[in-house]
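Below is one structure; the comments refer to it alone.
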Amino acid sequence: NAGVTQTPKFRILKIGQSMTLQCAQDMNHNYMYWYRQDPGMGLKLIYYSVGAGITDKGEVPNGYNVSRSTTEDFPLRLELAAPSQTSVYFCASSYLSGQGYGYTFGSGTRLTVV
Amino acid sequence: AQSVTQPDIHITVSEGASLELRCNYSYGATPYLFWYVQSPGQGLQLLLKYFSGDTLVQGIKGFEAEFKRSQSSFNLRKPSVHWSDAAEYFCAVGPNTGNQFYFGTGTSLTVIP
């Protein structure tokens, strides 16, 4: 079914390791977003992209990197993982800017850094 | 500064009872307002949204919300709650330009038989 697909669903990393969280959408949405969700803290925007080749920082970008080489894919890279990056990560997309259409969310990646 | 406040961390209601989840926002311009629902282990699903016009908006699953500019509120309501409504509910506010959305910290709903 159409939607936003995130992989992996769960991952345990050791401090200092790196990994890439994958996000793909098949709805031809221009806008894509990465959020992290911490208990009692709501969702915080990490990075977003308004189209292939264009990315920008959100509210909490430190420790992360993104790229957008295609419309479909928007991977999130963690370099030198730290315990503070333990969180649930959500990828989302929207047809145009999200405020007009709302987001379609993926099912999330639960990351633990130990 | 922009912010969203959901004053109730957790609410418990009986099945069949009415429900109201509160959301207050702080925003300098006319906001776009959303309610999302998150079932355990799932992503967020859009329930409803408000941009302009009628201040009472209808959403999916029998939910509605009312925008009250004078109170800076966008409360979510449902006349009769079903056990399947147990989930986490998030209010969000966004600009009419740009991409920065702000989410509340969520309200966890428990439904008892």
Side-chain angles (χ1 to χ4, degrees), chain A residues 1 3-10 21 23 25 27 29-51 54-61 66 68 74 88-110, chain B residues 1-10 21 23-27 29-53 57 59-60 63 65 67 74 87-108:
Chain A
N1 292 337
V4 178
T5 302
Q6 290 185 241
T7 56
K9 292 189 181 300
F10 303 93
L21 281 67
C23 175
Q25 52 91 9
M27 298 171 285
H29 284 175
N30 290 315
Y31 289 71
M32 296 187 75
Y33 311 81
W34 274 106
Y35 282 86
R36 59 177 289 172
Q37 183 183 31
D38 301 308
M41 298 293 290
L43 279 77
K44 302 291 186 183
L45 181 64
I46 304 171
Y47 271 96
Y48 67 95
S49 169
V50 302
I54 306 170
T55 62
D56 208 346
K57 296 178 181 179
E59 190 177 358
V60 290
V66 294
R68 183 100 180 267
F74 189 42
V88 181
Y89 292 84
F90 287 101
C91 180
S93 72
S94 63
Y95 176 58
L96 292 176
S97 188
Q99 65 268 15
Y101 293 84
Y103 295 151
T104 299
F105 279 88
S107 57
T109 295
R110 184 176 295 274
Chain B
Q2 296 84 2
S3 66
V4 178
T5 301
Q6 293 180 246
D8 304 306
I9 295 173
H10 184 240
L21 302 182
C23 173
N24 295 96
Y25 67 90
S26 173
Y27 200 75
T30 301
Y32 286 63
L33 296 159
F34 302 81
W35 274 99
Y36 289 87
V37 59
Q38 183 182 32
S39 298
Q42 301 298 313
L44 280 72
Q45 180 185 20
L46 181 66
L47 280 176
L48 48 79
K49 54 190 176 183
Y50 171 79
F51 301 146
S52 63
V57 293
I60 62 172
F63 286 92
F67 171 59
F74 189 57
E88 188 94 12
Y89 291 81
F90 291 91
C91 180
V93 61
N96 50 18
T97 59
N99 288 284
Q100 181 63 67
F101 268 77
Y102 298 90
F103 283 81
T105 52
T107 297
S108 176

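Letters A, B, ... are given to chains in the order of the sequence lines, protein chains preceding strands, and every chain is numbered from 1.
Residues A:Phe90 and A:Val88 form a side-chain contact, since some pair of their non-hydrogen atoms from C-beta on lies under 4.5 Å apart.
Considering only heavy-atom pairs separated by less than 4.5 Å from chain B, the leading option among A:Gln6, A:Lys9, A:Gln37 is A:Gln37. Highest contact tally toward chain B, considering only A:Ser107, A:Gly108, A:Pro39, is held by A:Ser107 [criterion: heavy-atom pairs under 4.5 Å].
Between A:Tyr35 and B:Phe103, a ring centre-to-centre spacing shorter than 6.0 Å is recorded. Aromatic pair A:Tyr103/B:Phe34: ring centres not closer than 6.0 Å.
Taking the six-membered ring where tryptophan is involved, the planes of B:Phe74 and B:Tyr50 are tilted, since the angle between them lies from 30° to 60°.
For chain A, no part of B:Glu88 is nearby; none of its heavy atoms comes within less than 4.5 Å.
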